[in-house]
Engineer: 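Please find one structure pasted underneath; my questions will follow.
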Amino acid sequence: MEFFCYHRDRPDSVTLRDQLLEAHWSYMDGYEKELIARGPTFAEDGETPSGSVHIVALPDPAAARAFAFDEPNYQAGAYRDVLIRRWRNLLGRTMWDFPGGRTGGNRYLVLGLGSGEPADLVVPPDRDDLIAYGPLLSDDGAAWVGTAALVRAPDVDSARTVLTRDRYADIEVHDWQFGGRR
């Protein structure tokens, strides 16, 4: 099973995150084979961390919750909340397989939360700029609750167009970059 985890930072948690960087990376190293994508999001200034995205393949929802809540930054109080949802990898690859590589161009997390009739279940035609893409699902995988994508795009407005605007209660777009050790 694949899961989308988005840890959102508490205000003024940058110093704590910096102190825990090695502990965070060491923790993620333990999930190296399970990670599909990972990386920080940033505030509007493009420099201040605002959250941390992890898309991971784990056996069940309990394992996903353990992954998210045992994470060192979460344990130390750096995060204000965590969104955990089942996710389906419609691209069938990891971020490391993205043909565009780790750098070059603007990268974004596009997160649309919705309900009712599913939307955006087919990969958009311009898949060359998609790093990760798939629907968010209920714990049992039966209900669609949104879509999460990591995209390369010229700007925030272009990134937002990867999702059908009127099918979501809200579409969030966050600056994002490839995570992990360099």
Side-chain angles (χ1 to χ4, degrees), residues 3-29 31 35-56 64-65 67-85 87 94-96 98 100-114 120 124 126 129-136 145-182:
F3 295 89
F4 174 87
C5 301
Y6 184 35
H7 294 83
R8 295 176 195 261
D9 284 17
R10 286 189 189 281
D12 302 318
S13 65
V14 174
T15 301
L16 181 56
R17 279 183 60 139
D18 288 346
Q19 293 169 352
L20 294 168
L21 186 59
E22 181 56 37
H24 168 77
W25 282 353
S26 293
Y27 181 79
M28 291 303 153
D29 288 347
Y31 290 92
L35 284 165
I36 296 166
R38 66 182 285 195
T41 59
F42 296 92
E44 289 182 21
D45 66 10
E47 294 181 22
T48 305
S50 62
S52 193
V53 173
H54 299 95
I55 303 175
V56 60
R65 284 189 290 279
F67 167 82
F69 297 126
D70 290 346
E71 194 277 336
N73 287 320
Y74 180 83
Q75 288 291 310
Y79 299 130
R80 70 176 167 95
D81 61 50
V82 181
L83 171 67
I84 305 171
R85 291 285 181 239
W87 186 77
T94 71
M95 72 179 201
W96 297 276
F98 173 59
R102 290 182 64 98
T103 60
N106 301 320
R107 313 297 173 97
Y108 301 97
L109 163 64
V110 183
L111 182 60
L113 301 176
D120 298 319
D126 188 13
D129 288 325
L130 296 175
I131 300 162
Y133 184 89
L136 299 170
V145 297
T147 305
L150 299 172
V151 302
R152 178 179 59 189
D155 54 51
V156 169
D157 291 334
S158 298
R160 185 175 280 111
T161 65
V162 76
L163 300 183
T164 306
R165 184 179 297 270
D166 65 349
R167 288 298 297 121
Y168 299 90
D170 186 31
I171 297 176
E172 301 175 17
V173 180
H174 304 270
D175 285 340
W176 174 83
Q177 73 180 27
F178 274 59
R181 298 181 191 274
R182 299 199 187 330

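The analysis underlying the following values was restricted to heavy atoms, covering all of them including side chains, and did not include hydrogens, waters or symmetry mates. Along the sequence shown, the residues carry numbers beginning at 1.
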Engineer: Please report the shortest heavy-atom distance between G77 and L16, naming the atom on each side.
Structural biologist: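 In terms of heavy atoms, the two residues are closest at C-CD2, 4.1 Å.
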
Engineer: When rounded to the nearest 0.5 angstrom, what distance separates CG in D175 from CD in E47?
Structural biologist: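 CD of E47 is found 10.5 Å from CG of D175.
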
Engineer: Not counting sequence neighbours, which residues clear side chain to side chain donor-acceptor pair (under 3.5 Å) with E22? List them please.
Structural biologist: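 E22 satisfies side chain to side chain donor-acceptor pair (under 3.5 Å) with S26, R181 only.
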
Engineer: With sequence neighbours excluded, tell me which residues meet side chain to side chain donor-acceptor pair (under 3.5 Å) with D129.
Structural biologist: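 D129 satisfies side chain to side chain donor-acceptor pair (under 3.5 Å) with R152 once adjacent residues are dropped.
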
Engineer: Report yes if some heavy atom in the side chain of T147 is under 4.5 Å from a heavy atom in the side chain of Y133; otherwise report no.
Structural biologist: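 Result yes, sub-4.5 Å side-chain heavy-atom pair found.
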
Engineer: Quick check: do T41 and Y6 have side-chain heavy atoms less than 4.5 Å from each other?
Structural biologist: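 Of all side-chain heavy-atom pairs linking Y6 with T41, at least one is under 4.5 Å.
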
Engineer: If we only count heavy atoms from C-beta on, is the I131 to Y108 side-chain gap below 4.5 Å?
Structural biologist: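 Side-chain contact under 4.5 Å: no.
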
Engineer: Can you tell me how far the CZ atom of F3 sits from the CZ atom of R65, to the nearest 0.5 Å?
Structural biologist: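 Going from CZ on F3 over to CZ on R65, the span is 8.0 Å.
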
Engineer: Quick one: CG on L35 to CE on M95, what's the gap to the nearest 0.5 Å?
Structural biologist: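 Interatomic distance, L35 CG to M95 CE, rounded to 0.5 Å: 8.0 Å.
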
Engineer: Starting at CH2 of W96, measure out to CD1 of I36 and round the result to the nearest 0.5 Å.
Structural biologist: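 One gets 9.0 Å once the value is rounded to the nearest 0.5 Å.
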
Engineer: Is the shortest heavy-atom distance from the side chain of P40 to the side chain of R17 under 4.5 Å?
Structural biologist: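 Yes, close enough: below the 4.5 Å cut-off.
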
Engineer: Measuring from atom CG of L20 to atom OG1 of T15, what distance do you get when rounded to the nearest 0.5 angstrom?
Structural biologist: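 One gets 11.0 Å once the value is rounded to the nearest 0.5 Å.
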
Engineer: Output, in order, the C-alpha distance, side-chain angles, deciding distance and verdict of side chain to side chain contact (heavy atoms under 4.5 Å, CB included) for V145 and R85.
Structural biologist: CA-CA 9 Å; V145 297; R85 291 285 181 239; 3.6 Å; yes

Engineer: To the nearest 0.5 Å, how far apart are NE2 in H7 and CD in E71?
Structural biologist: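 Atom-to-atom, H7:NE2 and E71:CD are 5.0 Å apart.
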
Engineer: Please identify each residue that fulfils salt bridge (Lys or Arg N to Asp or Glu O under 4.0 Å) with R160, with sequence neighbours left out.
Structural biologist: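 So R160 forms a salt bridge (Lys or Arg N to Asp or Glu O under 4.0 Å) with D157.
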
Engineer: Taking only residues two or more places apart in sequence, or in another chain, which ones meet D126 in a salt bridge (Lys or Arg N to Asp or Glu O under 4.0 Å)?
Structural biologist: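 Here no residue qualifies.
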
Engineer: Do any N or O atoms from the side chain of D120 and from the backbone of T164 form a donor-acceptor pair under 3.5 angstrom?
Structural biologist: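 Yes: the side chain of D120 pairs with the backbone of T164.
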
Engineer: What closest approach, in Å, do F98 and L130 show between heavy atoms, and which atom pair accounts for it?
Structural biologist: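 Answer, listing the atom of F98 first, then L130: CD1-O, 3.4 Å.
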
Engineer: With sequence neighbours left out, what residues match D155 under side chain to side chain donor-acceptor pair (under 3.5 Å)?
Structural biologist: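 D155 satisfies side chain to side chain donor-acceptor pair (under 3.5 Å) with S158 once adjacent residues are dropped.
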
Engineer: Do D9 and Y79 have side chains that get closer than 4.5 Å, going by heavy atoms?
Structural biologist: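 Of all side-chain heavy-atom pairs linking Y79 with D9, at least one is under 4.5 Å.
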
Engineer: Taking C-beta and beyond as the side chain, do R8 and R80 meet within less than 4.5 Å on heavy atoms?
Structural biologist: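 Answer yes - side chains close enough.
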
Engineer: How about CG on D45, more than 12 heavy atoms from neighbouring residues, nucleotides or ligands closer than 6.0 Å, or not?
Structural biologist: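 Yes, because the 6.0 Å sphere around CG of D45 holds more than 12 heavy atoms from other groups.
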
Engineer: Identify the heavy atoms of L150 and A37 that sit nearest to each other, and give their distance.
Structural biologist: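 It is CD1-CB, 3.7 Å.
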
Engineer: Where is the tightest heavy-atom contact between V53 and F4, given as atom of each residue plus distance?
Structural biologist: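 V53 and F4 have their closest heavy atoms at CG1-CE1, 3.9 Å.
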
Engineer: Please confirm whether the backbone N or O of P72 pairs with a side-chain atom of H24, one donor and one acceptor, at under 3.5 Å?
Structural biologist: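 No; zero donor-acceptor contacts below 3.5 Å.
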
Engineer: With a 4.5 Å limit on heavy-atom distance, are the side chains of V110 and I171 in contact?
Structural biologist: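 Result yes, sub-4.5 Å side-chain heavy-atom pair found.
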
Engineer: Under the rule for ring pair (Phe, Tyr, Trp, His ring centres under 6.0 Å), what residues qualify as partners of Y31, not counting sequence neighbours?
Structural biologist: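 Only Y27, F67 meet the ring pair (Phe, Tyr, Trp, His ring centres under 6.0 Å) criterion with Y31.
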
